[in-house]
Amino acid sequence: MTAPLDPPPGPSAGPAAPVGPRPPGPLVGAGWVAERLGTPGLVVFDASVGAHRGAERRIPGARPFDLDGALSDHTAAAPHTMPGAEEFAGAMRALGVDDTDTVVVYDAAGTYSSARAWWMLRATGFDRVAVLDGGLPAWTAAGLPVEEAAPAYGGPYGSFTARPRPGLLVDADTVSAALADPAAVVLDARTRERFAGTAPEPRPGLRGGHMPGAVNLPFGDLRGPDGLMRPADELRAAFAPLTRGRERLYFSCGSGVTACVLALGATLAGYRDLAVYDGSWSEWGDPAARRPVETGPAAD
């Protein structure tokens, strides 16, 4: 097991941190957060990406989980690549996260990039984390207060310790082996059109199509008309025809973000042996990678 990382020199974290309220599961509602907002030991992160990144509208006190910035490895070829454990732990400490905290992550697009933040924290051994169901839209729909300010933090360093779980984020070779493993299944979270290769990829230069043997479960299928995650029984019904009794699930998407929505949905559905392909289609679909690609719908 990887040893915990020592905190770097820097501002003191001060006296012993309070223990945050333990979330009831990987998903919490707006009411649960609202009742506890401002409680010592509760950290709320805004993990919005793209056009929503840094928008001046946040849940009061929300801090930035910047997936388009410091919380991805920009030396890697694929966007949104997980940083190294030391870099990630340092970023969490700089954002004031203590080992005893409870973290709630949300984003402004609903349940979208917040799932990536949830999975990254779990991949570093931090389990006191939950996704706000429906994100900022659900929060505002409930009539709860917002601040007209961008997510920010200027407080003391935290005590966050990274204890990496290497199996939660995997590489292309691991996924290639999974495609040949009858006990495993690779699920692609992209739209049906992108999976089939009939719609262009949003990132220039990538091939269209999918990995031979992968199956398609668009991440949006796991959300209801209200933008909230579907109930557990509906999630199980969405996964069952694709998993066909297989319990080892691998998830891919465009850049490792919405694959984590599938990981969240699978967790809620009761699956436990899960992994996210970090490079996802940004890596596999790169012509330079020379990985096999198929077009058309998935085979039955």
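Because only heavy atoms are used, hydrogens play no part in the values below, and waters and symmetry mates are left out as well, while side chains stay in.
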(message) Under a 3.5 Å distance rule, please check whether Thr81 uses its side chain to pair with a backbone N or O of Asp73 as donor and acceptor.
(response) no
(message) How long is the straight-line distance from OG of Ser255 back to CD of Glu283, given to the nearest 0.5 Å?
(response) 12.0 Å
(request) Begin with the C-alpha distance, continue with both residues' side-chain angles, and end with the deciding distance and a verdict on side chain to side chain donor-acceptor pair (under 3.5 Å) for Thr140 and Arg57. (result) CA-CA 11 Å; Thr140 56; Arg57 186 172 176 81; 5.0 Å; no
(request) Check ring-ring contact (aromatic ring centres under 6.0 Å, His included) between Phe251 and all other residues, then give those that pass, not counting sequence neighbours. (result) none
(request) Could you tell me which residues satisfy ring-ring contact (aromatic ring centres under 6.0 Å, His included) with Tyr250, sequence neighbours excluded, listed by chain and number? (result) none
(message) I'd like to know if Asp173 pairs up with Arg291 as an ion pair, taking the criterion as any Lys NZ or Arg NE/NH1/NH2 lying under 4.0 Å from an Asp or Glu carboxylate oxygen.
(response) yes
(request) Write down the atom of Pro292, the atom of Pro212, and the distance for their closest heavy-atom approach. (result) O-CD, 3.3 Å
(request) Of all the heavy-atom pairs spanning Pro182 and Arg246, show the shortest one and how long it is. (result) O-CD, 3.3 Å
(request) Of all the heavy-atom pairs spanning Pro24 and Val28, show the shortest one and how long it is. (result) CD-CG1, 3.6 Å
(request) For the pair Glu147 (side chain) and Gly61 (backbone), establish whether a donor and an acceptor sit closer than 3.5 Å, ignoring hydrogens and angles. (result) yes
(request) Give the cluster check for Val104 versus Tyr112: same hydrophobic cluster or not, with ILVMFWY residues linked at side-chain heavy-atom distances below 4.5 Å. (result) no
(request) Would you check if the side chain of Thr295 reaches a backbone N or O of Ala196 as a donor-acceptor pair within less than 3.5 Å? (result) no
(message) List the residues meeting side chain to side chain contact (heavy atoms under 4.5 Å, CB included) with Ala199, not counting sequence neighbours, and say none if there are none.
(response) Glu193, Arg194
(request) Kindly state each residue pair satisfying ring pair (Phe, Tyr, Trp, His ring centres under 6.0 Å) with at least one member in residues 118-143, sequence neighbours excluded. (result) Phe126-Phe160
(request) Without swapping roles, check the side chain of Arg272 against the backbone of Thr267 for a donor-acceptor pair under 3.5 Å. (result) yes
(request) Look only at the side chain of Thr100 and the backbone of Pro18, and say whether a donor-acceptor pair between them is shorter than 3.5 Å. (result) yes
(message) Between Glu294 and Met211, does the side chain to side chain contact (heavy atoms under 4.5 Å, CB included) criterion hold? Intermediate values first, please.
(response) CA-CA 6 Å; Glu294 286 184 349; Met211 307 167 199; over 6 Å; no
(message) Restricting to non-hydrogen atoms, name the atom on Gly167 and the atom on Ala275 that form the minimum distance, rounded to 0.1 Å.
(response) O-CB, 3.3 Å
(message) Is there a path of hydrophobic side-chain contacts, each under 4.5 Å between heavy atoms, that joins Phe88 and Leu67?
(response) yes
(request) List for me each residue that meets side chain to side chain contact (heavy atoms under 4.5 Å, CB included) alongside Pro218, sequence neighbours excluded, and say none if there are none. (result) Arg192, Asn216, Asp221
(message) Starting from Leu95, can I reach Val103 by hopping between I/L/V/M/F/W/Y residues whose side chains sit under 4.5 Å apart?
(response) yes
(request) For Phe195, check ring-ring contact (aromatic ring centres under 6.0 Å, His included) against everything at least two apart and list the hits. (result) His210
(message) Please check this pair: side chain of Asp133 against backbone of Met229, looking for a donor-acceptor N/O pair closer than 3.5 Å.
(response) yes
(message) Distance check, rounded to the nearest 0.5 Å: Leu268 atom CG versus Arg230 atom CZ?
(response) 13.5 Å
(request) Find out whether Val49 and Asp107 are in side-chain contact, i.e. whether some heavy atom of one side chain is under 4.5 Å from a heavy atom of the other. (result) no
(request) Please report the shortest heavy-atom distance between Thr111 and Val261, naming the atom on each side. (result) O-CG2, 3.9 Å
(message) With rounding to the nearest 0.5 angstrom, report the CG to CG distance, Leu235 to Leu262.
(response) 10.5 Å
(request) Quick one: list whatever passes side chain to side chain contact (heavy atoms under 4.5 Å, CB included) with Pro241, sequence neighbours left out. (result) none
(request) Kindly say whether Trp284 contributes a backbone atom to a donor-acceptor pair with the side chain of Arg207 at under 3.5 angstrom? (result) yes
(message) Could you check whether any side-chain N or O of Tyr106 sits under 3.5 Å from a backbone N or O of Ala109, counting only pairs where one atom can act as donor and the other as acceptor?
(response) no
(message) When you group the ILVMFWY residues by side-chain heavy-atom contacts below 4.5 Å and let the links chain together, are Leu169 and Trp281 in the same group?
(response) no
(request) Find the distance between CD (Glu87) and CE (Met82) and round it off to the nearest 0.5 Å. (result) 10.0 Å
(message) Considering only residues two or more places apart or on different chains, which pairs with a residue in residues 31-54 satisfy salt bridge (Lys or Arg N to Asp or Glu O under 4.0 Å)?
(response) Arg53-Asp66
(request) Is it possible for you to say whether Leu144 and Val33 belong to one hydrophobic cluster, with membership spreading through side-chain heavy-atom contacts below 4.5 Å? (result) yes
(request) For the pair Asp98 (side chain) and Gly41 (backbone), establish whether a donor and an acceptor sit closer than 3.5 Å, ignoring hydrogens and angles. (result) no
(request) Output every pair passing salt bridge (Lys or Arg N to Asp or Glu O under 4.0 Å) with a member in residues 111-128, not counting sequence neighbours, ordered by first then second residue. (result) Arg116-Asp278, Arg122-Asp127, Asp127-Arg165
(request) Please step through side chain to side chain contact (heavy atoms under 4.5 Å, CB included) for the pair Ile59 and Leu132, ending with a clear verdict. (result) CA-CA 11 Å; Ile59 291 176; Leu132 172 58; 3.7 Å; yes
(message) Side-chain heavy atoms under 4.5 Å apart, restricted to Ile/Leu/Val/Met/Phe/Trp/Tyr: what other residues fall into the cluster of Val19, or is it alone?
(response) none
(request) Hey, could you give me the CG/CG distance between Leu27 and Leu228, rounded to the nearest 0.5 Å? (result) 8.0 Å
(request) Please confirm whether the backbone N or O of Ala47 pairs with a side-chain atom of Ser113, one donor and one acceptor, at under 3.5 Å? (result) yes
(message) Listing request: all ring pair (Phe, Tyr, Trp, His ring centres under 6.0 Å) pairs with a residue in residues 252-278, at least two apart in sequence or in separate chains.
(response) Phe239-Tyr271
(message) Within the 4.5 Å heavy-atom criterion, are Cys260 and Met120 side-chain neighbours or not?
(response) no
(request) Mind jotting down which residue pairs meet the ring pair (Phe, Tyr, Trp, His ring centres under 6.0 Å) criterion with at least one end in residues 57-84? Sequence neighbours excluded, please. (result) Phe45-Phe65
(message) Nearest 0.5 Å, please: how far is CG in Leu136 from NE2 in His52?
(response) 9.0 Å
(message) Restricting to non-hydrogen atoms, name the atom on Pro145 and the atom on Pro60 that form the minimum distance, rounded to 0.1 Å.
(response) O-CD, 3.2 Å
(request) For the residue pair Leu121 and Met92, establish whether any side-chain heavy-atom pair is separated by less than 4.5 Å. (result) yes
